[in-house]
Amino acid sequence: MGVDGSDESLSAVTWAACEAVTRGTALRILHALEWRTSNQQFSAGAPAQQEWARSRIEEARQELAAARPGLRVDAEEVDELPAKALLDAAREAELLVLGSRGLGGFEGWLLGSVSLAVIAHAAVPVVLVRAGWEPPAAGADGPIVVGVGRDGSYDPLLEFAFPAAAAGGAVLRVVEAGKDAQLLVVGRRMHRPAFGAHIGPVTHAAVHHTGCPVAVVPHS
């Protein structure tokens, strides 16, 4: 999973840790050191940004170690642009998890953020998590919702959603639109143009406006 120190990315760490425990896999936290010049949170420049991010990531790693001692957590820094680093990491991952909006802000998101670029090109499902997400309380009845269209094959979406619903004892709903869900699963057609972040209008709307975690699953 990718982390930049933002509240959204730290919520994504929590979601990813829960999912890793469910899947019985390790959690790999990836932090790309090359920051975009559009990040204006720190006047001291990139070194201060990187140190701030490192401290927040280390704090999150320690909290995970205390809360989930059986979970293997690997933290890694790479000197690459975030989108490239995440897409490279996806080649060896079952799943990518990102915060729904990083430190570039709303304008950067609309223009084509790291998350949008990764969603458009990753070969594995990508889950986006908003700031403030917490694990559902025991007995929570929010369903896992799969959003489908009228055309195409949606088997990969169902193959992703069924285990997620079974693991949490949640109801699985297949609809053309959904809300009040624990997780919304939507598709992104593969074989779109190689350039640009083309994810389709429905998925684009879902990742921008849905409050719950959104899983974007590539399909043919």
Side-chain angles (χ1 to χ4, degrees), residues 1-2 8-9 11-25 27 86-87 89-91 93-101 109 113-193 197-220:
M1 67 158 302
E8 291 87 354
S9 70
S11 291
V13 169
T14 304
W15 192 96
C18 293
E19 185 68 12
V21 169
T22 298
R23 291 171 176 253
T25 62
L27 173 62
L86 289 164
L87 290 170
R91 296 178 184 143
E94 296 180 14
L95 179 70
L96 280 177
V97 185
L98 306 173
S100 65
R101 196 176 73 193
W109 171 255
S113 72
V114 170
S115 297
L116 199 57
V118 171
I119 292 169
H121 299 290
V124 297
V126 180
V127 177
L128 301 178
V129 183
R130 291 191 182 276
W133 181 88
E134 295 182 357
D141 57 1
I144 304 296
V145 176
V146 182
V148 300
R150 298 180 183 274
D151 302 311
S153 172
Y154 294 92
D155 288 349
L157 279 70
L158 298 174
E159 290 170 1
F160 179 89
F162 271 117
V171 173
L172 178 65
R173 294 179 182 169
V174 180
V175 297
E176 289 192 39
K179 60 181 180 179
D180 300 324
Q182 291 185 31
L183 174 69
L184 174 62
V185 182
V186 294
R188 189 264 302 170
R189 286 188 182 277
M190 300 176 72
H191 311 303
R192 288 185 179 274
H198 303 281
I199 63 174
V202 174
T203 297
H204 189 277
V207 300
H208 280 84
H209 301 297
T210 302
C212 69
V214 179
V216 182
V217 181
H219 68 97
S220 59

- Message: Testing the basics here: between G99 and A12, what is the closest heavy-atom pair and its distance to 0.1 Å?
- Response: N-CB, 3.7 Å
- Please report the shortest heavy-atom distance between L172 and A161, naming the atom on each side. CD1-CB, 3.7 Å
- Query: Applying the side-chain contact (heavy atoms from CB on, under 4.5 Å) test to V174, which of V185, L157, L158 qualifies?
  - Reply: L158
- Message: Looking at every heavy atom in both E94 and P125, which two are closest together, and how far apart are they?
- Response: O-CD, 3.7 Å
- Item | Shortest non-hydrogen contact from Q182 toward A170 | NE2-CB, 4.0 Å
- Message: Restricting to non-hydrogen atoms, name the atom on A215 and the atom on V127 that form the minimum distance, rounded to 0.1 Å.
- Response: CB-CG2, 3.8 Å
- Message: So E19 and L95, do their side chains get closer than 4.5 Å, heavy atoms only?
- Response: yes
- Rounded to the nearest 0.5 Å, how far apart are NE2 of H121 and CG of L116? 8.5 Å
- Please check if the side chain of S11 supplies one atom and the backbone of G132 the other of a donor-acceptor pair under 3.5 Å. yes
- Task: Give a yes or no answer on whether the side chain of R188 reaches the backbone of I119 with a donor-acceptor pair at less than 3.5 Å.
- Result: yes
- Note on the structure: Interatomic distance, CG@L183 vs CZ@F160, rounded to 0.5 Å, equals 6.0 Å
- Minimum heavy-atom distance A123-P218, with the two atoms named: O-CG, 3.6 Å
